[in-house]
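Residue indices begin at 1 and follow the sequence shown.
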Amino acid sequence: MATIKVQQIKSKIGAPKDQKATLQALGLHKISQVVEVEDTPSIRGMIRKVHHLVNVVD
């Protein structure tokens, strides 16, 4: 299945608990960290929820 790379671009400090949990579920812990995840609708929804904190890398 296809994968996408997601990079955390902003800090999770000050974000609501559900957004912090979403970042952790994506595997992101530090700023500038890049993880490769499967491209599924549930992952896309997680990325949409924290779109202001992450960036999809080409």
Item to check | side-chain contact (heavy atoms from CB on, under 4.5 Å) between Q33 and V35, intermediate numbers included | outcome: CA-CA 7 Å; Q33 181 181 6; V35 294; 4.0 Å; yes

Next on the checklist: Go through it in stages, so that I can follow the logic: the residues are D39 and M1, the test is side-chain contact (heavy atoms from CB on, under 4.5 Å), and I'd like the CA-CA distance, side-chain angles, deciding distance and then a yes or no.
Outcome noted: CA-CA 7 Å; D39 189 9; M1 186 167 241; 5.7 Å; no

Item to check | side-chain contact (heavy atoms from CB on, under 4.5 Å) partners for N55, two or more places apart | outcome: I9

Checklist entry - Given side chains that start at C-beta, do those of V54 and L28 come closer than 4.5 Å, heavy atoms only? => result yes

Checklist entry - Just how far is it from atom NZ of K12 to atom CG of L53, taken to the nearest 0.5 Å? => result 10.5 Å

Checklist entry - Say you draw a straight line from OG of S32 to CD of Q8; how long is it, rounded to the nearest 0.5 Å? => result 8.5 Å

Checklist entry - With hydrophobic residues grouped by side-chain heavy-atom distances under 4.5 Å, do I43 and V56 end up in a single group? => result yes

Donor-acceptor pairs under 3.5 Å, side chain of residues 15-25 to any protein atom, not counting sequence neighbours: which ones?
unit_1 : atom_1 : unit_2 : atom_2 : d
D18    : OD2    : K49    : NZ     : 3.2
Q19    : OE1    : H52    : NE2    : 3.3
T22    : OG1    : D18    : O      : 2.8

Checklist outcome for this item: One should read off an interatomic distance between E36 CD and I4 CD1, to the nearest 0.5 angstrom, of 9.5 Å

Next on the checklist: Using side-chain contact (heavy atoms from CB on, under 4.5 Å), reason through V34 and V6 one step at a time and then give a plain yes or no.
Outcome noted: CA-CA 6 Å; V34 178; V6 182; over 6 Å; no

